[in-house]
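I have placed the structure first, in the form of structure tokens, so that the comments after it can refer back to it.
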Amino acid sequence: MTLVVQRLRSQLPEEVLAIGTDPPRLSWQVSASHSGLVQLGYEVEASGSPGFEPVLATTGERDGDLQVGVAAPGGALRSRQVRYYRVRVQDASGWSGWSEPLRVEAGLVEPGAWTAQAITMPDDPGSRGQSPAPLLRREFDVPSPITAARLHVTAMGVHRVSLNGRLVSDDLLAPGWTSYRHRILADTYDVTRLLSAGPNVIGAMLGDGWYRGRLGWDSADDRCRYGRELGLVAQLEIDCTDGTHLVVASDRNWRTSTAEIRAADLYDGSAIDLRLAQPGWDAPGFDDSGWIAAITIPFDPGIIEQRSAPPVRRIAVLPVQPSPEGESCWRLDGGQNISGWVRLTVRGRRGDRVVVRHAEVLEPDGGLHVRALRSAKATDAYILARDGPVVLEPAFTFHGFRFAEVETTAEVLDAAFVAISSNTAPRASFECSDADLTRFHENVVWSQRDNFVSIPTDCPQRDERLGWTGDAQAFAATGSTLFDSAAFWESWLRDVAYDQDPELGVPSVVPDVVLGGELRFGRAGWADAATIVPWAVYESYGDAAVLERQFLSMRTWVDSLAQRRGPDGLLVPGTQFGDWLDPDAPVARPWEAKADSEYLANAFFAHSAALVAEAATLLGDRPVADAYRALGREVADATWRRWAGHAVETQTGCAVALQLGVAPDGDRSSVAAALAGLVRAADGRVATGFLGTPLVLPALVEFGHVDECYLMLLRRDVPSWLYQVRAGGTTVWERWDAIRPDGSIHPGTMTSPQDLPDSGDAHMLSFNHYAYGAVVDWVYRHVAGIAPDRERPGYRHVLLAPKPGRGIDWANAAIETSYGRAAIGWRLEGDTLVADVELPFGTTGEFTAPATGGSTVTVDGQMAHTVVPLEPGHHTVVVTAAAVADPAGAPA
Ligand code: BGC
């Protein structure tokens, strides 16, 4: 057999058991017995049984080399349905054997399949303020041994469900945050092993989470944004050996009470009084006569959707050495800024208090820097129930921190920092001979983990943690490279579409909470997440389904812009965030960037229109493609007529003109030269904010200004990427100089534009904002030299183009693509570059050698051109007299 199909999978992440209404899309990898083989055809079969008897549906034998995002035969599944799929592929010598079967199961797909009611604790004081977490329980008998059991569950709020005292999953903060008015996610868990014949009990705890807990910085009105009542919707379905089908669903027969969790809030932390625990409440036989009956609350099962993105999980546990500080205080340093909490083992006495405070950095005097948290208390407090050692962990909260302080009269025996994140699988690795750049990459990886907590957030520590669309837009390409985040982005993009207003546009934060007034919708570079993020996902993963699904949202956003054009064809001016946090903007007015925000708004408009046109082309709609292409060009031309002179004065202005397609062809190289000149004149100083930063290096490199790229990238003085590393950062900062060269912490003060509170004392100083980490996409593409090709996306065609820069002697990068591992590693031996390349089956590559006039290029020992096509497999490329960019050589 020459080809073997491996890793057949659907779009569902591994941790997610059940699919919803979306039809399965299949992808597979292939291993080949020798090189030179290609997939000429494929066939997929669907069946209700793993033996494929009978076959229910088939694609038939199809020609082609598709391996990613293939529509499964038989379409979407009905509630509870199980389907098996298998694939075989054809090469010139015939058909491979069938793959291992892939099992796909559906959750409760039709709203009518939900018989569970939404239940809650009567008179829950939580509707008025932070208060104890409700417990809900229900005992039931199972008549005979169990063959299969599924729990389908969701909540208004966040839930933690157990069966007979054992948690049904490792998921945290389920069901996660979505646009709750439109959709709320359900999970389906296989709980067969948690149940047995005889008495059983299901127990649930509810927390406020995003549904009812604090969101935003307006402390007078920051709770109950989605509703005043928490609610549990749980439906346990059990099949027994005697043929019984039992359904235990949430209803008025459940009992409710409260226990040790006295308060739990995402921003503020949790308060746990262990003396009030009700031991055994989640085990059968517990006396719940003192509990009260649950009540039902109105709920429309029509808004339930099955989870499609990875759940939030513990992703790392970092051991920490507690160091005593005086009488009753302990200091903890995890060495890494994370999202999560502290797990403590303490030995104390009944009634002892333990208070844990968190911070990202320390003040110069060694104290916790909590000013940056603004109103978020980020404090976990415990009261011990008994003498002796006990392990403490908070509930229904998380903090963004590297340091913690524990105040207690108890003895701290042991500590660990528990890091949490949406459990996207790591997809890429990078390292190079520059230790600071390698560490910066690691910092970006951590900022992504820390800010992918259910949705893509701006920061994980202060009273925000919101789905700021601008940050997501800036980071989407990098985020897609670093982690397998297609399902994560696609889930959030559904909320983008749901929360979008046809006239006002896409919200600045999704899910849409917190903001009001003009800043709420349609801000340039924020709302454009609607077009930019789907494209980034498509380019990185190669499945056009994301464009198909988002197309209406993309188009509607651009239509809303088109309605805002004035007689000159340009947008009617409005308030913008602009090139937010331009390092030259006044400290207190981050929106007052050097680049005109109206210029940027029109440039993003033109770009979004062009992206809609490209998507329409792909989806086969020529007339629509033509219309949006023309619109994009028209806006770009009008923008250039008006702002060409202004654009070339700033790094952001030039980069936007080039990367967003504003500058016409004839002007592009002179704009690039102007940009290179600005960068040289500034000695590589970053002079851009959120919108410009991701675009500068891509713009420079396209026109061959590689010296200037390295001048910026490898700069160590503030402002620069590597300055943060030198200053001890372990994640990416919101401000370039969050810690100043003299060690002092930036005051971070800002008075806010219109709709943000004009407190004059709102601090904007996060040490964990990934937006500036967007440069890592460039690092993969050009330092290591590995990139997807937009024409044949998802690494179907891999662009290999290392551009060594003086000071970097070697670099390695690898990407786990849908086809398998693609990798490059290069080193300089004198002025010869030796690159090892690996390409998986199903891909092709193109190596562009960093050649000078005197170079010779060989591939696997054979003479080659400077641009060489590569087949799957391992290759060694040698380039003599290689071009090495020299930052110092960039003439001032
Ligand atoms: C957030 C940003 C966001 C910005 C919008 C800030 O408070 O943290 O990351 O994009 O506001 O202006």
Side-chain angles (χ1 to χ4, degrees), residues 215-218 222 267 339 360 371-376 400 447-448 450-453 455-476 479 492 496 505-530 532-533 574-583 585-593 595 597 600-601 604 688-694 731-736 738 746 748-774:
L215 286 177
W217 48 81
D218 178 2
D222 59 359
Y267 292 174
S339 282
E360 296 186 287
R371 196 163 32 102
L373 303 176
R374 305 198 303 215
S375 73
S447 274
Q448 177 163 358
D450 298 343
N451 278 299
F452 274 26
V453 178
I455 59 156
T457 62
D458 55 337
C459 58
Q461 73 298 83
R462 67 182 179 219
D463 49 8
E464 285 203 55
R465 315 184 195 186
L466 303 170
W468 283 98
T469 43
D471 307 45
Q473 170 276 116
F475 193 68
W492 180 70
V496 169
V506 174
S508 302
V509 298
V510 172
D512 173 31
V513 285
V514 170
L515 286 183
E518 203 188 352
L519 289 177
R520 180 171 169 195
F521 289 105
R523 299 307 92 194
W526 271 253
D528 298 284
I532 292 172
V533 177
T575 308
Q576 299 287 357
F577 296 116
D579 194 20
W580 186 254
L581 280 170
D582 173 333
V587 171
R589 293 193 298 283
W591 58 94
E592 283 186 13
S597 66
L600 299 182
F604 272 92
T688 47
F690 273 32
L691 299 187
T693 300
T731 41
V732 186
W733 298 345
E734 180 178 28
R735 291 186 189 258
W736 295 104
H746 193 291
T749 357
M750 81 166 233
T751 353
S752 311
Q754 280 121 36
D755 299 72
L756 297 175
D758 193 12
S759 66
D761 196 26
H763 299 283
M764 261 203 16
L765 187 64
S766 142
F767 294 84
N768 209 348
H769 255 63
Y770 52 43
Y772 290 145

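Start at 1 and go down the list; that is how both ligands and their atoms are numbered.
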Which one of Phe577, Tyr770, Trp591, Trp468 has a non-hydrogen atom at the shortest distance from atom 3 (C) of ligand 1?
->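 Shortest heavy-atom distance from atom 3 (C) of ligand 1: Trp468.
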Taking the non-hydrogen atoms of Arg462, is any one of them nearer than 4.0 angstrom to ligand 1?
->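 It does, in that a heavy atom of Arg462 comes within the 4.0 Å cut-off of ligand 1.
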Numbering the atoms of ligand 1 from 1, which are under 4.0 Å from a heavy atom of [X]?
X: Glu734; value: 8 (O)
X: Asp471; value: 2 (C), 3 (C), 9 (O), 10 (O)
X: His769; value: 1 (C), 2 (C), 8 (O), 9 (O)
X: Asp458; value: 1 (C), 8 (O), 9 (O)
X: Glu464; value: 1 (C), 6 (C), 7 (O), 8 (O)

Examine the proximity of ligand 1 to Arg465 and report which part, side chain or backbone, both or neither, has a heavy atom under 4.0 Å away.
->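 Neither part.
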Do the rings of Trp526 and Phe690 sit parallel, tilted or perpendicular, given the 30° and 60° boundaries?
->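 Parallel, since the angle between the ring planes stays under 30°.
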So Trp591 and Trp580, would you call those rings parallel, tilted or perpendicular, with 30° and 60° as cut-offs?
->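 Rings of Trp591 and Trp580: parallel, as their planes differ by under 30°.
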For [X] against [Y], the heavy-atom pair lying closest together:
X: Gly578; Y: Ser597; result: CA-CB, 4.0 Å
X: Phe604; Y: Leu691; result: CE1-CD1, 3.9 Å
X: Asp471; Y: Tyr770; result: O-CE1, 3.6 Å
X: Ser508; Y: Leu515; result: CB-CD1, 3.6 Å

